[in-house]
Colleague: 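Pasting in a structure now, in structure tokens, and then I'll have a few things to ask.
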Amino acid sequence: MISFDEALAHVRAVAQPLGKEVVAVSEAAGRVLAAPVIARISSPRSDVSAMDGYAVREADLAALPAQLGVVGESFAGSSWDGTVGSGQCARVFTGAPVPAGADRVVIQEDVRREDDVAIVERHPGNARHIRKQGGDFEQGDEVLPAGRLLDKRAIVAAAAADAAIVEVFTRPRVHILSTGDELAEPGTAAETPDAIPESVSLGVAALAAEWGAEVVGRTRLRDDLRAMEVAAAQAIVDADLVVVTGGASVGEKDFAKTMFEPAALDVIFAKVSIKPGKPVWLGRAGNALVMGLPGNPTSALVTGRLLLAPLLAGLAGQEVADALHWRSARLGSPLDACGARETFHRAQWIGDSVELLRFQDSGAQKALAEADVLIRQSAHSSALPLGSEVTILDF
Ligand SMILES: Nc1nc2c(c(=O)[nH]1)N[C@H]1C(S)=C(S)[C@@H](COP(=O)(O)OP(=O)(O)OC[C@H]3O[C@@H](n4cnc5c(N)ncnc54)[C@H](O)[C@@H]3O)O[C@H]1N2
Ligand code: MOO
């Protein structure tokens with residue numbers, strides 16, 4: 001059995017971007033840049049006011065009160081092209097270009113207006129309230145590098161660079177096959193003895209979308225090998241990555257790998273020394289990758305988080321490491337010594353420490369919803385008292 005780090009090395013080796021395409025910036029949120037975004041304009045485009053008020057000359061504030069003639073008005077979107085001379089000022093609003101001649105803005109709360117005269121009675125302080133031209137970025141600057149995920153913050157920067165289109169990596173197409181005679185569509189299990197709601201594929205689909213995939217299919221299969229082979233043959237044509245849930249272990253009807261044998265499944269790894277999720281596997285069939293997750297819901301979501309998320313990150317153009325930001329936290333409950341498998345405990349933030357959930361069963365579903373983080377504990381490591389520092393991953 002291989003270790004988690006060895007499994008991750010296999011994932012890294014196959015997690016290469018699939019292709020590139022050009023999309024409208026308005027459709028690009030959640031995608032990964034395949035080329036940098038270069039600014040077509042500077043931001044701000046010129047020196048602009050940071051406040052609503054009056055553009056004045058600092059020298060005119062040397063003797064107070066200052067009485068300044070209002071000679072123009074500059075708005076964001078329609079500037080005034082005049083010049084503020086000595087003893088003059090111009091009305092300006094937030095985001096409006098500061099007229100020539102002026103070197104500071106006095107906020108309107110510090111100005112008394114009498115007809116066409118603005119009166120400044122007390123010195124308004126040192127803040128000039130002017131955003132310098134190019135203070136954020138200059139025309140021609142690289143605003144975002146290739147490889148950057150266009151999250152809610154980066155998409156603002158891309159649009160601010162005046163990009164109508166961006167080059168992004170194609171999204172991996174994922175088909176999820178869930179296996180098991182006991183599985184029923186949620187909402188129909190109660191009527192049939194021994195049936196259970198098929199829950200796992202919904203979580204895997206949500207995880208896949210979160211990591212940049214396009215979920216092209218979600219199919220529930222009975223443990224009928226012939227029908228499973230047909231579904232497998234179709235899925236590897238329609239998708240870049242097929243995720244199979246369940247049937248990963250050694251049961252008589254565990255056909256998750258067998259169903260891909262007519263498609264010449266090449267197994268990259270099978271079984272990883274982790275708890276939960278030991279039966280997780282990865283292979284290739286035709287042009288598609290195939291990842292098998294254990295059927296136990298907590299095992300499926302933990303292995304999905306640990307191995308599927310990094311695989312998808314890489315296929316979608318990010319780094320595998322982007323999906324695994326390990327950090328440290330304090331234990332809010334003691335941890336027993338670890339067994340032979342590296343363990344990923346489900347835990348919850350309580351204040352500023354992480355507490356183990358009481359129910360650690362790999363079949364857990366309600367407790368799964370309560371797990372904020374995974375605590376990583378090395379195989380054979382000793383027990384840890386409350387307050388110890390541990391390595392965690394957002395779940
Ligand atoms: N003799 C052994 N038995 C088992 C071993 C082993 O090494 N030797 N490994 C155990 C471990 S660890 C795990 S994890 C499970 C994984 O088994 P499978 O991947 O074959 O999963 P199934 O048997 O199909 O299902 C397990 C469990 O999960 C429920 N399930 C399955 N799919 C779904 C779904 N889509 N939605 C909701 N629930 C699902 C299923 O009903 C079972 O209760 O094997 C151990 N056994
Ligand atoms: O790996 Mo299984 O998930 O321990 O039950």
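Each ligand, and each atom within it, is numbered from 1 in the order the structure gives.
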Colleague: Report the part of V200 in contact with ligand 1, treating N, CA, C, O as backbone and CB onward as side chain, heavy atoms under 4.0 Å; options are side chain, backbone, both, neither.
Modeller: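 V200 to ligand 1: contacts from backbone and side chain alike.
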
Colleague: Side chain, backbone, both or neither: which part of E198 comes within less than 4.0 Å of ligand 1 when only heavy atoms are counted?
Modeller: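 E198 to ligand 1: contacts from backbone and side chain alike.
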
Colleague: Is it the side chain (CB and beyond), the backbone, both or neither of S362 that lies under 4.0 Å from ligand 1, heavy atoms counted?
Modeller: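 No part of S362 comes within reach of ligand 1.
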
Colleague: What atoms of ligand 1 come within less than 4.0 Å of a heavy atom belonging to P197?
Modeller: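 Under 4.0 Å from P197, ligand 1 has these atoms: 36 (N), 37 (C).
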
Colleague: With R91 as the cation and Y54 as the aromatic partner, state whether NZ or CZ is under 6.0 Å from the six-membered ring centre and within 45° of the axis.
Modeller: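 Yes.
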
Colleague: Looking only at protein heavy atoms, identify the closest one to atom 22 (P) of ligand 1 and say how far it is in Å.
Modeller: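 Result for atom 22 (P) of ligand 1: G247 N, 3.8 Å.
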
Colleague: Please could you name the atoms of ligand 1 that S299 approaches to less than 4.0 Å, counting only its heavy atoms?
Modeller: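 Within the 4.0 Å cut-off of S299, ligand 1 contributes 14 (S).
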
Colleague: Write down, by chain and number, every protein residue that brings a non-hydrogen atom to less than 4.0 Å from an atom of ligand 2.
Modeller: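 Protein residues near ligand 2 are P276, G277, K278, P279, N296, S299, R341, S362.
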
Colleague: Have E138 and S42 got a donor and an acceptor in their side chains that come within less than 3.5 Å?
Modeller: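 Side-chain D/A pair, E138 to S42: present.
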
Colleague: Considering only non-hydrogen protein atoms, determine which one is nearest to atom 11 (C) of ligand 1 and report residue, atom name and distance to 0.1 Å.
Modeller: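 Ranked first by proximity to atom 11 (C) of ligand 1 is P279 CG, 3.9 Å.
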
Colleague: If every non-hydrogen atom of R305 is compared with every non-hydrogen atom of D394, which pair is closest and at what distance?
Modeller: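 Scanning both residues, the minimum pair turns out to be NE-O, 2.9 Å.
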
Colleague: Counting only heavy atoms not in E319 (residues, nucleotides, ligands), do more than 12 fall under 6.0 Å from its CD?
Modeller: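 Not buried by this count: 12 neighbours or fewer within 6.0 Å.
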
Colleague: Looking at D162 and R40, is there a salt bridge between them, counting it only when a charged N and a carboxylate O are closer than 4.0 Å?
Modeller: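 Here R40 pairs with D162 in a salt bridge, since their nearest N and O are under 4.0 Å apart.
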
Colleague: Counting only heavy atoms closer than 4.0 Å, does ligand 1 sit against the backbone of S199, its side chain, both, or neither?
Modeller: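 The answer is both.
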
Colleague: Hey, is the main chain of R153 close enough, under 3.5 Å, to the side chain of D151 for a donor-acceptor pair?
Modeller: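 Checking the backbone N and O of R153 against the side chain of D151, a donor-acceptor pair under 3.5 Å is found.
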
Colleague: Is V215 close to R173 at the side-chain level, that is, under 4.5 Å between some pair of heavy atoms?
Modeller: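 No, their side chains stay 4.5 Å or more apart.
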
Colleague: Do V243 and L293 touch side chain to side chain, with heavy atoms closer than 4.5 Å?
Modeller: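 Touching, per the 4.5 Å side-chain cut-off.
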
Colleague: Looking only at protein heavy atoms, which one is nearest to atom 29 (C) of ligand 1, and what is the separation?
Modeller: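 Of the protein heavy atoms, G295 O, 3.8 Å lies nearest.
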
Colleague: What are the two closest heavy atoms between L33 and F169, and how far apart are they?
Modeller: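 For L33 versus F169, the nearest heavy atoms are O-CE1, 3.3 Å.
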
Colleague: Considering only heavy atoms of D254, which atoms of ligand 1 have at least one such atom less than 4.0 Å away?
Modeller: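 Near D254, meaning under 4.0 Å from one of its heavy atoms, ligand 1 has 20 (O).
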
Colleague: V250 heavy atoms, cut-off 4.0 Å: which ligand 1 atoms fall inside?
Modeller: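 Counting atoms of ligand 1 from 1, those under 4.0 Å from V250 are 1 (N), 2 (C), 8 (N).
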
Colleague: Could you find the nearest protein heavy atom to atom 42 (C) of ligand 1 and give me its residue, atom name and distance?
Modeller: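 Scanning the protein heavy atoms, the shortest distance from atom 42 (C) of ligand 1 goes to E182 OE2, 4.1 Å.
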
Colleague: Tell me which one of L183, V244, N296, I196 gets a heavy atom nearest to atom 33 (C) of ligand 1.
Modeller: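 Nearest heavy atom to atom 33 (C) of ligand 1 lies in L183.
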
Colleague: Under 4.0 Å from a heavy atom of G246: give me the atoms of ligand 1 that qualify, with their elements.
Modeller: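 Here the atoms of ligand 1 in question are 19 (O), 21 (O), 24 (O).
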
Colleague: Check whether any side-chain N or O of D52 sits under 3.5 Å from a backbone N or O of F93 as a donor-acceptor pair, and report yes or no.
Modeller: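 No: the side chain of D52 does not pair with the backbone of F93.
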
Colleague: State the atoms of ligand 1, each with its element, that fall below the 4.0 Å cut-off from a heavy-atom position in K278.
Modeller: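 Selected atoms, number and element: 6 (C), 7 (O).
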
Colleague: With the threshold set at 4.0 Å, does a side-chain nitrogen-carboxylate oxygen contact exist between R222 and E182?
Modeller: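 Salt bridge: no.
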
Colleague: Could I get the full list of ring-ring contact (aromatic ring centres under 6.0 Å, His included) partners for H380, not counting sequence neighbours?
Modeller: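 For H380 there are no ring-ring contact (aromatic ring centres under 6.0 Å, His included) partners, ignoring immediate neighbours.
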
Colleague: Checking the side chain of Q360 only, and the main-chain atoms of R346 only, is there a donor and an acceptor separated by less than 3.5 Å?
Modeller: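 Checked: pair present.
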
Colleague: So does R376 pair up with D5, basic N to acidic O under 4.0 Å?
Modeller: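 Yes, charged N to carboxylate O under 4.0 Å.
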
Colleague: Check each heavy atom of S249 against ligand 1 and say whether those closer than 4.0 Å belong to the side chain, the backbone, both or neither.
Modeller: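 Both backbone and side chain.
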
